[in-house]
Amino acid sequence: MSSKLDIRFASGTERADLAILFQVSDEKRPSGAGEADPAGVLERASGVAKFHGKSMTVLDLIAPHQSPFDRVSVIGLGKTQALSDHDWLRAGGKAASLIKKAETVAVYLDAPATVPTPRQVADVALGMLLRAYSFDRFKTKKGDDEEGDVKTVSVTIISAVSDEAAALLGDVQAVAGGVNLARELVNLPPNVLGPIEFADHAKALVTLDVEVEILTETEMRALGMGALLGVAQGSERPPRLAVMQWKGGKASDKPLAFVGKGVVFDTGGISIKPAANMEDMKGDMGGAAAVIGLMHTLAARKAKVNAVGILGLVENMPDGKAQRPGDIVKSMSGQTVEIINTDAEGRLVLADALWYCNDRFKPRFMVNLATLTGAIVVALGNLHAGLFSNDDPLSEGLLAAGEKTGEKLWRMPLGKEYDKLIDSKFADMKNTGGRYGGSITAAQFLKRFVGETPWAHLDVAGTAMASPSTEINQSWGSGYGVRLLDQLIRDRYEG
């Protein structure tokens, strides 16, 4: 059964079906033990189960003697000195995984030597909301222990800093809403989510006071976006360029710009992909999903910045009208591109989107996100996204935000030597430099469309979809990038 969590904060004891306590490994008693375990059952149970509070381990008791709760679960946090802010987020996710059939839950956070800060308490709530997301809208049959309706679970998080944490609940819900929107879009099947439908999701942000424009193929043709339109021409579904503006800063402030690759399905075009696992290419719009999720978050929490989000939305299909290897297209920048491989399509979409963004908005910086290359997965697996940038301060901010949020990045090289690999005999450049260094040459291609503006390219091919299950995410679509970029803005650009 899908669950919706109704979270509030309190400073005192609560009656509930389930009590969730936390214990660091260097303390003998968990948080809330006095209320949840008046008979001292936990000490004996811990000895029998050899539970020592190791990080993310669980001790679960059913109907403990004299307890006012039907169940008491204890989550280990590891050693106090090793606890990070991200561990509190993980702990919240772990707590949500223990709810099961409970309808009311009391979460005790304060222990004698471990009292979390208001932000850490809020992170527990965020972890719970992120873990509660599931994608089952197309399942008509449920398991024996599942019901069709969404269950609302009342969760009370108990801490001495409950008032301060409650003031952060709006931020928490904004971030969770953005991440879960991105997950939902990546998870949707391609027959449901085409470029027009994706653009409709962008339009829906007007309810949060985001200004939204949708450019059709007519407007894009007038602008000279031959690179983007070339990718789209093999599909019956027309392309769209979604332009979203959040104006939360001063009118004179330059906007921060975020550009997402939104290939709603990628067959590879004429250079068609192998059939095995092609269904995963519904997630080739993970970059655009992150951008729309970020814009949702910024608007929902009323961020004090100006931000622009641009989505290049296309479908890459083989057809009699599809572009061919050997074709030459002219981008909005005026630069020409020889098509070597029609499966190197995302960089063509981003080329026009980045140029448009830079030319129109003159942003303070641009960050693009794209499930761009399989090469980055070979290099980094699915635990880091690749970071390519022409600007050290921007890179440093992104790397720091990645460490804080657990959405980690690894900086990759750029250089003139790699740039030579995409020079063309017949045009200004070609759209692929071959197998070796594939993620780098893709980034070198994009760099030709950003001018002198500080810019970062995040290759999220290994992290936006089919990423590892964690305490805070059990979804195929991870929503990677939303928390990362929101953290960057909070730390470096929000006054």
Salt bridge Asp392-Arg411, side-chain N to carboxylate O under 4.0 Å: yes
By side-chain hydrogen bond (donor to acceptor under 3.5 Å, both in side chains), Ser46 pairs with (sequence neighbours left out) none
List in chain and number order the residues that pass side-chain hydrogen bond (donor to acceptor under 3.5 Å, both in side chains) with Glu211, two or more places apart in sequence or in another chain; answer none if no residue qualifies. Lys247
Flag if over 12 foreign heavy atoms under 6.0 Å of CD, Glu43: no
Tyr108: partners by ring-ring contact (aromatic ring centres under 6.0 Å, His included), with sequence neighbours left out: none
Please tabulate, for the side chains in residues 372-379, all donor-acceptor contacts under 3.5 angstrom to protein atoms that are two or more places apart in sequence or on a different chain.
from   : atom 1 : to     : atom 2 : distance (Å)
Thr373 : OG1    : Ile376 : N      : 3.2
Thr373 : OG1    : Asp459 : OD2    : 2.7

Under a 4.0 Å N-O cut-off, is there an ion pair linking Arg29 with Asp37? yes
All ring-ring contact (aromatic ring centres under 6.0 Å, His included) counterparts of Phe388, not counting sequence neighbours: His457
Among residues at least two apart in sequence or on other chains, which ones pass side-chain hydrogen bond (donor to acceptor under 3.5 Å, both in side chains) with Thr80? Asp26
The complete set of side chain to side chain donor-acceptor pair (under 3.5 Å) pairs with one or both residues in residues 160-173, sequence neighbours excluded, reads Asp171-Arg490
For Phe365, what residues pass the ring-ring contact (aromatic ring centres under 6.0 Å, His included) criterion, not counting sequence neighbours? Phe258, Tyr493
In chain order, what residues pass the side-chain contact (heavy atoms from CB on, under 4.5 Å) check against Ser475, with sequence neighbours excluded? Tyr133, Arg183, Asn187, Asn473
If you draw a 6.0 Å radius around NZ in Lys302, do more than 12 non-hydrogen atoms from other residues or ligands fall strictly inside? yes
With sequence neighbours left out, the residues meeting salt bridge (charged side-chain N to carboxylate O under 4.0 Å, His left out) with Asp491 are Lys404
Tell me whether Lys250 at atom NZ has more than 12 heavy atoms from other residues, nucleotides or ligands lying less than 6.0 Å away. no
Glu452, CD atom: more than 12 neighbouring heavy atoms under 6.0 Å: no
Arg301: what forms a side-chain hydrogen bond (donor to acceptor under 3.5 Å, both in side chains) with it, not counting sequence neighbours? Asp486, Glu494
Exercise answer: donor-acceptor pairs, residues 197-208 side-chain atoms, under 3.5 Å, sequence neighbours excluded:
from   : atom 1 : to     : atom 2 : distance (Å)
Glu197 : OE1    : Gly194 : N      : 2.9
Thr207 : OG1    : Ala204 : O      : 2.9

